[in-house]
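What follows is one structure encoded as structure tokens, with my remarks underneath.
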Number of protein chains: 2
Amino acid sequence: MEKNKQILLAKRPEGTPDQDTFTFEEKEINQPENGELLIRTLYVSVDPYMRGRMVDAPSYVAPYQLNEVIEGGAIGEVISSKSSHFSEGDIVIGGFGWQTFYTAQEDEVRKIDKDIAPISTHLGILGMTGLTAYFGLLEIGRPQEGETVVISGAAGAVGSVVGQIAKIKGAKVVGIAGTDEKIKYLKEELHFDEAINYKTTENMEKALEEACPDGVDVYFDNVGGEISDAVFTQLNKFARISVCGAISSYNKETTDLGPRVQTVLIKKSALMQGFTVGDFFDRFNEGTRALASWLDEGKLTYEETIKGGFENIPDAFLDLFKGNNIGKLLVKVSEPSAK
Amino acid sequence: MEKNKQILLAKRPEGTPDQDTFTFEEKEINQPENGELLIRTLYVSVDPYMRGRMVDAPSYVAPYQLNEVIEGGAIGEVISSKSSHFSEGDIVIGGFGWQTFYTAQEDEVRKIDKDIAPISTHLGILGMTGLTAYFGLLEIGRPQEGETVVISGAAGAVGSVVGQIAKIKGAKVVGIAGTDEKIKYLKEELHFDEAINYKTTENMEKALEEACPDGVDVYFDNVGGEISDAVFTQLNKFARISVCGAISSYNKETTDLGPRVQTVLIKKSALMQGFTVGDFFDRFNEGTRALASWLDEGKLTYEETIKGGFENIPDAFLDLFKGNNIGKLLVKVSEPSAK
């Protein structure tokens, strides 16, 4: 009998997580009862925010529990249904996370349309990462035509979409990333106006000043830390900072210290706002429609890095903190059936 | 012949300003020409923001020039007018600063009504400090009935007004200040719900947690530094931080380091916005009307600390950084004439 393979949180990481953070286990597969459906996992998402859930502290989502499955965005195929809303072969998305099978209540997952785009995009540009870019940029950053938008983590799943939406809105877009391959991707594939490799740049303030001769109106921040400190020196009056992520802080074992921001916020009458995509839950349909339509018109492009094999999920997650991946990072767990 | 006594910026302070930062000088009084008026100074304002203008760096207002008069809010009496808009005896307000006489262009100053409130209030609760409180709290903090508003520098010119407006709006108000006299003033005179003396409190996070059992929805920040770090640990989801001042940073000779705020802003979907009162320039009339009407209805009260004597202006300014004054700090330079 096939088993349900699961990846559990073995211990709470101090500093950077490693393989010992996780443990593998096999469980029986629960056959669905009335109102339930059995899902075979096709893709799972690995995302930086998951690092936050590994800590036992209050945050915007509950922390992961020890010896429980790592939850997170996943796509699967319905292989058996006792719900009138789902049929065998349906492709569904939900938060069932790092396991090969899942027995879901019918209200825990939703069906996705396999025809509008590759199904994996529902974990990326048409899913949480695309929506994060869409709302974080348009609701907090509010770029106006001709303004300068700077994005850190620009080649990542969220950053790459933010830059493209900013271009659609007529802004000048400057990306910050950490490899030459990413810089090339930002300039050649995504047509960013400028891109700065922070790892090979000695003086970030100067590089930003050169890339943004009119100053910075909008900063979409995925990383925090010293990169953001440098961007803060270049803000224009009434700048807006959309604080999406702080990956540079996530693995710090001590308090992450930096220049206090109050003085620059006052001098520039600047706004800095944190958010998570869930804040815009009741507008997800609007966001998905806009993203799908830009994708359809060829105004948006995306990159996915898809790793293969359930057992490689922890590796893929750890890769997020090495800064090597471009675009959305996914793990393909199994093939959809041939229907 | 009487002279115009002036206080000039003698040198740019490093760290805390002292008497050597300033120099006194006497100049001829310029008689007004057509369209001009001669003003004898009655009151001058001393404000924390002036520290920022002593540094030669771009900010929201131009830096003071060496060997030039320290500009700032002042009230005077017209003693001679060659403008059809002003008559001898009119009381006017402008930015002419630390000097005993000033020959103004007629569009540089505006007349104030001596009957609605003591004229000094136009440098305080009916002037820039009142408007700073009004717009910073209501436009950025946006307190809702029943929410908890925390104010640092709560007994100061701005903070004391912020707390009273927050009470008018039905919020629970918690003030932070640095002397027992101020704590008493906040609780007994201004009817704040709670007040915390940060100088005698060992654990600010714990004190705030006790004073704000429902968390902090709005933080009006006049001080920055470690007090603000502590408030940040108590923020509620969707908290708003109105960043008005950072007096704890102003005299630092090196970069003021503290815990980076990005992670908490994300976790709490919190907004942090800096401002200066000038951002709301086109709504000053609205603000002044609201403040005057609350004052008239007895819903607002205010405290002024008025020092006497032109030569004491630098002392009064330096007092701002010692944290002893309650309410608005002014210097009375001369008496209005008996008319």
Side-chain angles (χ1 to χ4, degrees), chain A residues 48-49 51-52 55 57-61 132 136 139-140 152 215 221-229 232-233 235 237-250 252 254-280, chain B residues 48-49 51-52 55 57-61 132 136 140 152 215 221-229 232-233 235-250 252 254-280:
Chain A
Y49 82 87
R51 175 65 181 82
V55 181
S59 183
Y60 53 92
V61 276
T132 299
E139 293 301 310
I140 298 172
S152 61
D221 187 5
N222 285 303
V223 304
E226 290 177 12
I227 290 174
S228 296
D229 298 343
F232 273 63
T233 66
L235 296 179
K237 184 92 179 162
F238 301 119
R240 288 85 65 196
I241 301 151
S242 183
V243 189
C244 177
I247 199 165
S248 73
S249 295
Y250 294 166
K252 296 245 173 170
T254 53
T255 304
D256 187 22
L257 294 181
R260 285 200 171 87
V261 297
Q262 282 89 342
T263 309
V264 67
L265 293 183
I266 297 169
K267 281 187 186 170
K268 301 300 183 183
S269 295
L271 176 149
M272 188 173 181
Q273 188 171 354
F275 75 102
T276 54
V277 67
D279 301 343
F280 302 96
Chain B
Y49 82 87
R51 175 65 181 84
V55 181
S59 183
Y60 55 92
V61 277
T132 299
I140 297 172
S152 60
D221 187 5
N222 285 303
V223 304
E226 290 178 12
I227 291 174
S228 296
D229 299 344
F232 273 63
T233 66
L235 297 179
N236 283 336
K237 184 92 180 164
F238 301 120
R240 289 83 66 198
I241 302 152
S242 183
V243 189
C244 177
I247 200 166
S248 73
S249 295
Y250 293 166
K252 296 246 170 167
T254 52
T255 304
D256 186 22
L257 294 181
R260 285 200 172 89
V261 297
Q262 282 89 342
T263 308
V264 67
L265 294 182
I266 296 170
K267 281 186 186 172
K268 300 300 181 183
S269 296
L271 175 148
M272 187 173 182
Q273 188 170 354
F275 76 101
T276 54
V277 66
D279 301 344
F280 302 97

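Below, chain A is the first sequence line, B the second, and so on; all start at residue 1. Treat the numbers as computed from the prediction; the structure is a model and nothing was measured.
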Using every non-hydrogen atom in the two residues, find where [X] and [Y] come nearest and quote the distance to one decimal.
{"X": "B/Gln262", "Y": "A/Ser228", "answer": "NE2-CB, 3.7 Å"}
{"X": "A/Arg260", "Y": "B/Pro259", "answer": "NH2-CD, 4.2 Å"}
{"X": "B/Thr276", "Y": "A/Ser269", "answer": "N-OG, 3.8 Å"}

Q. What distance do A/Leu257 atom CG and B/Thr255 atom OG1 have between them, rounded to the nearest 0.5 Å?
A. 12.5 Å
Q | Separation of A/Phe238 CZ from B/Gln273 CD (nearest 0.5 Å) | A | 9.0 Å
Q: Flag the one option from B/Ala270, B/Gly278, B/Ala246, B/Gly224 with the top tally of heavy-atom pairs under 4.5 Å to chain A.
A: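 Max contact count across the listed options: B/Ala270.
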Q. Are any non-hydrogen side-chain atoms of B/Thr263 and A/Asp256 less than 4.5 angstrom apart?
A.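 Counting from C-beta outward, B/Thr263 and A/Asp256 never come under 4.5 Å.
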Q) Do B/Ile266 and A/Cys244 touch side chain to side chain, with heavy atoms closer than 4.5 Å? A) no
Q: Measure distances from A/Val243 to the heavy atoms of chain B and classify the residue's part below 4.5 Å as side chain, backbone, both or neither.
A: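 Its backbone and side chain both get close to chain B.
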Q.
Checking side-chain contact (heavy atoms from CB on, under 4.5 Å) between A/Met272 and each of B/Leu271, B/Ile241, B/Leu265, which is the one that passes?
A.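 Between A/Met272 and the candidates, side-chain contact (heavy atoms from CB on, under 4.5 Å) is satisfied uniquely by B/Leu265.
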